[in-house]
Amino acid sequence: MTRSTAAPGRAVALNHERTVTALGQCPLLTGLAREEIEGILARSTVQHFPAQRRVFEEGGRSRGAWVVTAGRVRLHHLMADGRQHVGGFRSPGSVLELTSALDGRPYMSTATALESSEMVLVPRALVSELARNYPITVRNAIEQLCLEVRQRDITTAIASLKDARGRIGCTLLWLATQFGVDDGKTTRIDYRLTRQDIADRSGVTIETAIRVMSDLQRRGIIRTHSQIIEILDIEKMRDPARCEECQFDCSVFASGTPQLIR
DNA sequence: TCATTAACCGTCG
DNA sequence: CGACGGTTAATGA
């Protein structure tokens with residue numbers, strides 16, 4: 001066999017390895033052995049999506065739970081005026097639409113690939129079967145659904161904040177809990193986001209998002225570089241977001257943070 | 001395509 | 001009235 005055929009074969013094997021690893025990192029499957037993950041993958045379908053392609057749509061019949069195994073995904077609702085309300089962003093290891101997979105009702109939001117992404121669709125039947133065969137997955141599912149409920153509270157908090165400063169501040173702080181990487185003094189949101197993404201997550205126009213973020217940069221509270229946002233002063237960020245009077249569990253400072261939704 | 005700025009305008013406290 | 005934020009347009013990277 002020539003080198004030209006052997007090399008792609010090895011690439012496929014490596015790719016499979018990465019898919020298995022990412023699938024194993026899915027919170028639903030925590031505690032399962034490698035062979036069990038392999039078995040689940042064997043009975044699931046792997047699909048690839050180019051940037052901007054829809055993975056599934058709100059209202060569509062649930063075929064199962066989706067697990068992000070590569071790339072990045074945006075969850076959102078399409079609104080009548082053409083704007084999007086973004087519910088959240090996901091990265092490898094995330095499970096999407098577990099609720100729909102469990103109750104068989106339609107998908108609750110639309111998912112769009114932000115970049116070339118790989119998704120594993122775990123069929124509904126298999127999700128039920130997992131619950132029967134591996135009690136740990138029931139615990140995992142409960143844990144995951146609790147996290148999703150809590151995140152929904154954050155979304156509510158963002159929407160209920162009165163002004164744009166507060167909404168964008170709350171959005172950035174939440175993103176910091178989800179994707180934040182502590183660089184000693186500052187926190188970097190390790191997830192590329194356009195101004196439009198921030199605006200859609202905050203419920204404001206892109207111009208307003210820019211207006212507010214430019215001001216935050218002038219005041220030395222944040223710094224941005226090629227779609228990566230760094231929070232330089234979390235205290236001052238909490239101020240416009242009015243974190244003190246917020247009843248939701250965003251907990252930017254929480255040490256021993258529970259597993260977050262990736 | 002993404003980011004930024006500015007002028008303008010309606011809403012609301 | 002004046003702050004705020006959406007709309008529109010122009011421009012730069």
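Reminder, nothing fancy here: chain letters follow the sequence lines and each chain counts from 1.
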Smallest separation among heavy atoms of A/S91 and A/Y191, with atom names:
CB-CE1, 4.1 Å
Where is the tightest heavy-atom contact between A/V95 and A/E148, given as atom of each residue plus distance?
O-OE2, 4.1 Å
Reckon A/S214 has a side-chain N or O less than 4.0 Å from the OP1 or OP2 of B/dT5?
yes
Closer than 4.0 Å, any side-chain N/O of A/Q196 to the OP1 or OP2 of B/dA3?
no
Starting from [atom2] on [N], measure out to [atom1] on [X] and report it in whole angstrom.
X	N	atom1	atom2	answer
A/R167	C/dC4	CZ	P	14 Å
A/D197	B/dT1	CG	C1'	13 Å
A/R83	C/dG5	CZ	P	13 Å
A/R192	B/dC2	CZ	P	10 Å
A/Q227	C/dA13	CD	C1'	13 Å
A/R195	C/dA13	CZ	P	16 Å

Between A/L121 and A/Q47, is the side chain to side chain contact (heavy atoms under 4.5 Å, CB included) condition met? List the steps.
CA-CA 8 Å; A/L121 174 60; A/Q47 293 182 42; 4.2 Å; yes
Could you list all N or O pairs between the protein and nucleotides 9-12 of chain B that sit under 3.5 Å apart?
none

Is a side-chain donor-acceptor pair under 3.5 Å present for A/T19 with A/E118?
yes
Report whether A/F89 and A/L172 are members of the same hydrophobic cluster (ILVMFWY, side-chain heavy atoms less than 4.5 Å apart, transitive linking).
yes
Do other residues, nucleotides or ligands put more than 12 heavy atoms under 6.0 Å from A/R242 CZ?
no
Show me, pair by pair, the donor-acceptor contacts under 3.5 angstrom made by side chains of residues 198-207 of chain A, not counting sequence neighbours?
unit_1, atom_1, unit_2, atom_2, d
A/D200, OD1, A/Q196, NE2, 3.1
A/R201, NH1, A/V86, O, 3.0
A/R201, NH2, A/G87, O, 3.3
A/R201, NH2, A/T155, OG1, 3.2
A/S202, OG, A/T171, OG1, 2.9
A/S202, OG, A/I198, O, 2.7
A/T205, OG1, A/T208, N, 3.3
A/T205, OG1, A/T208, OG1, 3.2

Spell out, as yes or no, whether a donor-acceptor pair under 3.5 Å connects the side chain of [X] to the backbone of [Y].
X	Y	result
A/E58	A/A111	no
A/D239	A/K236	no
A/D233	A/I221	no

Mind running a 4.0 Å heavy-atom check of residues 215-222 of chain A against DNA chain C and sending the residues that fall below it, in number order?
none
Numerically ordered, the residues 199-211 of chain A set in heavy-atom contact under 4.0 Å with DNA chain C is A/V204, A/T205, A/E207, A/T208, A/R211
Taking the side chain as every heavy atom from C-beta outward, state whether A/Q144 and A/L98 have any atom pair closer than 4.5 Å.
yes
What salt bridge (Lys or Arg N to Asp or Glu O under 4.0 Å) pairs are there with at least one residue in residues 91-115 of chain A, not counting sequence neighbours?
A/R72-A/E115
After noting the C-alpha distance and the side-chain angles of A/R223 and A/E230, does the key distance pass the salt bridge (charged side-chain N to carboxylate O under 4.0 Å, His left out) rule?
CA-CA 5 Å; A/R223 185 196 308 156; A/E230 219 177 332; 3.2 Å; yes
Between the axis at one end of the helix from B/dT1-C/dA13 to B/dG13-C/dC1 and the axis at the other (five pairs apiece), what's the angle to 10 degrees?
10°
